[in-house]
Amino acid sequence: MSVLRITAKGTEPAGESLGPLIERLRQHRDRLACTPVDRLLALFDNFAGRLLRDPRTSRLEGAMFLSAWLRRSNLEQLLALNLGGNLAHLDGFVPQGRNYLAAKPHGLVAMWMAGNVATLPMFSLVPALLAKNVCLVKLALPDPSGMDQLLAVLAESEAEGLRGVDLLDAVAVVWFDYHEQRLNEEMSLAADATLVWGGTDAVRAIGLLPRREHCIQIVFGPKYSIGLIGRKELENDAGLESAVAAIVRDVAIFDQRACSAPQTIFVERSDRRSLRQVGEIFAQQFARLPAKPDLDAYTASRILNVRAAYALDASKDVIASTDGANWTVCMDRGPSLKEAVQSRTVFLTEIDSWQDILPLLSPKIQTVGLALGDLDESLRFAEAATQAGVARCVRPGIMNNYESPWDGKLLVSQLVRWVTLKP
Amino acid sequence: MQEQIDALIHGPQYATPQAEKDARLAPLLRTLCRDVADRCPPYRRFLDHFGGDAESWHAPADVPPLPVSMFKQFLLSAVPPEKVVRELRSSSTTGQQPSRITVDKTTAFRQSRALVSILKEHLGKERRPYLVLDAGDVVAAGDSLTARGAAIRGVGNFASETVFALDRTGDGGLVANWERIGDFFARHNGQPVLAFGFTFMVWTQFTMEAERRGANFHASDAVLLHSGGWKKLASQAVSKEEFNRRTAAVLGTQAARVLDFYGMVEQVGTVFVDCPCGNKHAPAFADVILRRPLTLQPVAVGESGIIEVLSVLPSSYPGQALMTEDQGVLLGVDDCPCGRKGKYFRFTSRIERAEIRGCGDTFAHNRELR
């Protein structure tokens, strides 16, 4: 079978074509369009509570954050930001002076998901459903990695006038081999909007697929994230320790594979603490983490290579876990972005001043985990960094918290068509 | 120490049970690594970081393995330039730095003797006509030698006569000289002959082309040794069994006489040759450890892991314990049906990156950013 369908009941073969699934989704468009946004918010709020109580989903990586994100208060805030402050636009025309304005769904949103974060599909699916689009979601891997469990708990969720199982009529989650050009084209041609998460190759390949003329494309492509620890933070013992602990948490979640996970951490030079001493604080924090559950041979090999390269080079230094390829702290000097190794491997790079890294910043940088220890300096840095293309400057510990805007985009506002009535 | 190493090189290669082998190799590796580190400051730093006190290395598995790719990034030599008799280089793909291995007289001598010792156990002592499935310029005289050249020369120790089967074309490619090949087999009809080539070249230049021509050389007493990656063949869906069967059919010999060996330019002389059961064994002066990716602990029998190779041959560079970029499966210890002692394993594949790594899968691209 070419297509696998992932449902609340598990994975099942779905034939050689996406046609029947696409047709069923189209049939549910009108029903979803008639569902008040308040009911959708209530249902997702119910889902948020259930997924933390349910043993099928409570232990999924990122479940805690997903639950908080799905809460009504958060989604209301998100919609307000995306819709100019008025959620009612999603339910129909809203007076705007003498005229009327509404936010209508595009129709069918086709989503190609990346394989690095298990809960990622939910962060696309929920905004698209709130915008009342039917969704065709293609997972990166045949193993649903928890998505089937999330769908199962969502199916059981309830709110007044809306059951999760009915909402899921507007969703089809599938997997097929990414080499299947025919299926990729079928999916792309069915879409009114495409949403792509992935690395360079995936984004380029999907971007080349044929689309209908009106179809819009939303891309969350490859990004790189960094940390920045300022001199003032280094001179504050308690502050430094908690900043490092928070950066280490940002590194550990999703095994450092998310585009928001810090890879290179820039450390301003300080008379108070050497780079080695900062590295040792990182090492202490890494040592407190539970061991990784598993590691693939490719990443292990890259970790061993980078450890050796930093040990052999007299101008560099490295501290590594003694119990295998668990974590690695590489240290050097001079501003540069290091190739991401991931899986608890950080590069501490000493710089004279944060000004030194400005030439490295570009739209490729998604998030800067900022620990400058001074609000005015943080503002100055953020002004310069975002001007250069950086999408987010956030305090350590929340780098991977998916929020709106993300990569400079207000997703829900892109998943609707703004329409007018001028009577 | 010198005598002990020489004794291992010249003694039987597969007769020592693993426990005894560990006990023999551990002190030699300890001394060799410390000695090389004293003469190679980068390796000293590596051991300072990851080796701890060498006295605590009770078994070969305690020696910290150096990733083999470090020879591409650093010139890791433990001898002054005037003592280097040969620099070995890996055959690099476009844009990649080749490995550079500095070999002094002692190491070169040991490597050469060691290869002879191993091959003797698989081929017997007699020299025989040697057909090299490569071009002669690969072993041209000079101070440096590629992996291919080193292997061809090493196997050449068994040659009574050497014939190169391929010619260089005008554009630098290779093409089989069928007249020369036919003449070689005709002159040595009914005699034991030895052939050697790199796996992909044997397949594309010799086996497939001979099949196309309908050739069969009726060399029932031929042995073909081959080495090199399976990646290209795997991408053409050619299994080891198919390679052996079809190549043997062209030669006119049995598939069991087509022998793959695992080795690398960073440890010339230390090769792991297929036994009649198709398994690879470590010779007396070397060992293999397959390690789990996360814990880096040695795997149990039946488990897959990253291949580490150990050898007491090199003293001019830190090649005693090398972590490869290959994966294999450990099949057993001391109980291979072929009767050879020690660990036996099979190579499974190069370590490849997972195809889907997601939105965080980006490179820093410093050049692009500047």
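Predicted, not measured: the structure shown is a model, and the values here were computed from it. Letters go in sequence order (proteins before strands), and every chain restarts at 1.
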In terms of heavy-atom proximity below 4.5 Å to chain B, should Ala314(A) be classed as side chain, backbone, both, or neither? both
Of the backbone (N, CA, C, O) and the side chain (C-beta and beyond), which part of Leu76(B) lies under 4.5 Å from a heavy atom of chain A, both, or neither? side chain
Crowded around Lys240(B) NZ? As in, over 12 foreign heavy atoms under 6.0 Å? yes
Looking at every non-hydrogen atom in both residues, tell me the closest pair between Met323(B) and Leu304(A) and how far apart they are. CE-CD1, 3.7 Å
Output the option from Pro41(B), Pro42(B), Cys40(B) having the highest count of non-hydrogen pairs under 4.5 Å with chain A. Pro42(B)
Look at atom CZ of Arg276(A) and say whether more than 12 heavy atoms of other residues, nucleotides or ligands are closer to it than 6.0 Å. yes
Engaged part of Phe74(B) at the chain A interface, taking heavy atoms whose separation is under 4.5 Å: side chain
Given the options Arg350(B), Gln327(B), Arg45(B), which has more heavy-atom pairs under 4.5 Å with chain A than any of the others? Arg45(B)
Output, in order, the C-alpha distance, side-chain angles, deciding distance and verdict of side chain to side chain donor-acceptor pair (under 3.5 Å) for Asn305(A) and Glu325(B). CA-CA 10 Å; Asn305(A) 283 345; Glu325(B) 295 183 340; 3.1 Å; yes
Among residues 289-301 of chain B, residues within the sub-4.5 Å heavy-atom range of chain A, in order of number, are Pro293(B), Leu294(B), Thr295(B), Leu296(B)
More than 12 non-hydrogen atoms from neighbouring residues, nucleotides or ligands closer than 6.0 Å to CD on Glu55(B), yes or no? yes
Residue among Asn326(A), Val318(A), Asp294(A), Thr322(A) with most heavy-atom pairs under 4.5 Å to chain B: Val318(A)
Among Ser301(A), Ala300(A), Ala297(A), Pro293(A), which residue forms the greatest number of heavy-atom pairs with chain B at distances under 4.5 Å? Ala297(A)
Between Ala309(A) and chain B, which part of the residue has a heavy atom less than 4.5 Å away: side chain, backbone, both or neither? both
Under 4.5 Å from any heavy atom of chain B, what part of Asp201(A) do you find: side chain, backbone, both or neither? neither
